[in-house]
**Student:** 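Let me begin by handing over the structure; questions about it come next.
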Amino acid sequence: TEKRQFFEEHPEVFRVPPTARLERFMLPIQESIEGLDAKSKMAEWRSQWLQNNTSLGEIGSSASKIFNLEVQGDIGWINLSDEVPLMRAVALARKGEMAGPVVDGDFVYLFFIADKHEGRQLTWEEIESDIAQSALSYCKKSTKNDLELRLFEKYGVKLSSQNIDKFFQ
């Protein structure tokens with residue numbers, strides 16, 4: 001059938017991404033803490049944790065005193081999608097490991113991987129009843145991406161994240 005053919009020709013559509021239970025600590029990149037820039041402070045916390053000289057709770061408490069607009073610590077289960085550069089860095093770490101410090105935009109991050117499930121390919125039996133919706137979503141996304149690429153090439157558009165960030169300041 002057409003559904004089965006689509007399933008076999010587009011296995012990437014039916015792949016469950018890896019997921020991880022994360023503890024995330026973040027600081028604004030421009031912060032100065034005890035004479036250290038934010039990335040160096042995160043590296044110090046990571047080193048202390050690796051040497052059993054601090055706990056994740058203490059790191060979270062310290063990070064919250066500096067930046068409390070986001071949760072510091074357990075943020076639950078997160079998809080480690082290849083589409084998100086920050087999550088690619090986390091995807092390389094194993095359960096029980098720490099990833100970072102990683103700079104992304106205006107922040108520096110430190111992650112602890114509390115648990116992790118590897119990605120997997122869905123079977124035909126698992127997806128058979130939802131294949132039409134999956135195919136439609138895939139087609140919409142592909143068309144949007146193709147159109148965006150063609151328009152960017154045609155009109156010479158280049159996105160500048162720095163200029164976009166300035167707009168929201």
Side-chain angles (χ1 to χ4, degrees), residues 6-131 133-138 140-142 144-145 161 164-165:
F6 182 83
F7 174 79
E8 291 173 1
E9 290 177 0
H10 301 282
E12 70 279 6
V13 176
F14 307 102
R15 179 139 181 83
V16 176
T19 58
R21 178 86 188 240
L22 297 179
E23 295 214 22
R24 177 199 63 194
F25 309 101
M26 62 188 291
L27 296 175
I29 193 73
Q30 78 277 3
E31 282 292 329
S32 178
I33 307 106
E34 300 169 355
L36 297 173
D37 61 64
K39 186 175 181 182
S40 297
K41 189 62 181 176
M42 289 281 202
E44 180 181 89
W45 286 341
R46 180 176 195 254
S47 177
Q48 290 172 346
W49 180 80
L50 288 170
Q51 297 169 13
N52 293 319
N53 291 332
T54 193
S55 68
L56 296 173
E58 290 170 327
I59 293 173
S61 177
S62 297
S64 291
K65 289 175 186 169
I66 300 161
F67 183 73
N68 63 3
L69 298 178
E70 292 279 345
V71 172
Q72 302 281 2
D74 189 354
I75 58 171
W77 286 94
I78 305 294
N79 283 342
L80 302 179
S81 168
D82 284 344
E83 295 174 11
V84 181
L86 188 60
M87 291 300 105
R88 274 187 247 146
V90 175
L92 297 174
R94 294 185 301 246
K95 178 181 175 179
E97 292 183 340
M98 201 171 265
V102 179
V103 175
D104 185 53
D106 293 333
F107 292 92
V108 59
Y109 298 87
L110 189 60
F111 294 96
F112 173 73
I113 294 74
D115 201 358
K116 190 171 183 183
H117 298 295
E118 294 305 322
R120 67 181 187 86
Q121 191 66 43
L122 294 172
T123 65
W124 171 252
E125 290 74 25
E126 290 174 301
I127 197 68
E128 184 177 12
S129 63
D130 295 324
I131 194 116
Q133 185 60 41
S134 297
L136 180 62
S137 295
Y138 172 77
K140 284 180 179 180
K141 184 177 180 181
S142 295
K144 177 191 165 291
N145 290 344
S161 60
I164 292 169
D165 289 343

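These numbers come from a predicted model, not from an experiment.
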**Student:** Do you know the tightest heavy-atom contact between Asn79 and Met87?
**Tutor:** O-CG, 3.8 Å
**Student:** Is there side-chain contact between Ile33 and Lys65, with heavy atoms separated by less than 4.5 Å?
**Tutor:** no
**Student:** With salt bridge (Lys or Arg N to Asp or Glu O under 4.0 Å) as the criterion, how do Lys41 and Glu31 come out once you've worked through the C-alpha distance, each side chain's angles and the decisive distance to 0.1 Å?
**Tutor:** CA-CA 10 Å; Lys41 189 62 181 176; Glu31 282 292 329; over 6 Å; no
**Student:** Do Arg46 side-chain atoms and Leu110 backbone N/O form a donor-acceptor pair below 3.5 Å?
**Tutor:** no
**Student:** Report the relative orientation of the aromatic rings in Tyr109 and Phe111; use parallel for angles under 30°, tilted for 30 to 60°, perpendicular for over 60°.
**Tutor:** parallel
**Student:** Could you grab the distance from atom CD of Glu23 to atom CZ of Arg21, nearest 0.5 Å is fine?
**Tutor:** 8.0 Å
**Student:** To the nearest 0.5 Å, how far apart are CD1 in Ile29 and CG in Asp104?
**Tutor:** 10.0 Å
**Student:** Distance check, rounded to the nearest 0.5 Å: Glu125 atom CD versus Thr123 atom OG1?
**Tutor:** 4.5 Å
**Student:** Starting at OG of Ser55, measure out to CD of Gln48 and round the result to the nearest 0.5 Å.
**Tutor:** 10.5 Å
**Student:** Give the minimum heavy-atom separation between Ser134 and Ile127, together with the two atoms involved.
**Tutor:** OG-CD1, 3.8 Å
**Student:** Is a side-chain N or O of Ser61 found less than 3.5 angstrom from the main chain of Gly57, in a donor-acceptor match?
**Tutor:** no
**Student:** Give a yes or no on whether the backbone of Asp130 and the side-chain of Gln133 come within a donor-acceptor separation of less than 3.5 Å.
**Tutor:** no
**Student:** In terms of relative ring orientation, are Phe14 and Phe7 parallel, tilted or perpendicular, with 30° and 60° separating the classes?
**Tutor:** tilted
**Student:** Closest heavy-atom contact between Met42 and Pro101?
**Tutor:** CB-CB, 3.7 Å
**Student:** Once you round to the nearest 0.5 Å, how far does CG of Leu27 lie from OG of Ser64?
**Tutor:** 9.5 Å
**Student:** Shortest non-hydrogen contact from Glu44 to Glu34?
**Tutor:** OE1-OE1, 4.4 Å
**Student:** Looking at Asn53 and Glu58, what are the two nearest heavy atoms and their distance?
**Tutor:** O-OE1, 4.5 Å
**Student:** Nearest 0.5 Å, what's the CG-CG distance between Leu92 and Leu80?
**Tutor:** 9.5 Å
**Student:** Please work out whether the ring planes of His10 and Tyr138 are parallel, tilted or perpendicular, with thresholds of 30° and 60°.
**Tutor:** tilted
**Student:** For Ile113 and Leu22, run side-chain contact (heavy atoms from CB on, under 4.5 Å): C-alpha distance rounded to whole Å, both residues' side-chain angles, the deciding distance at 0.1 Å, then the answer.
**Tutor:** CA-CA 5 Å; Ile113 294 74; Leu22 297 179; 3.9 Å; yes
**Student:** For Ile75, is there any backbone N or O sitting under 3.5 Å from a side-chain donor or acceptor partner on Arg24?
**Tutor:** no
**Student:** Provide the closest heavy-atom pair for Gln72 versus Gly60 in the form atom of the first, atom of the second, distance.
**Tutor:** CB-O, 3.8 Å
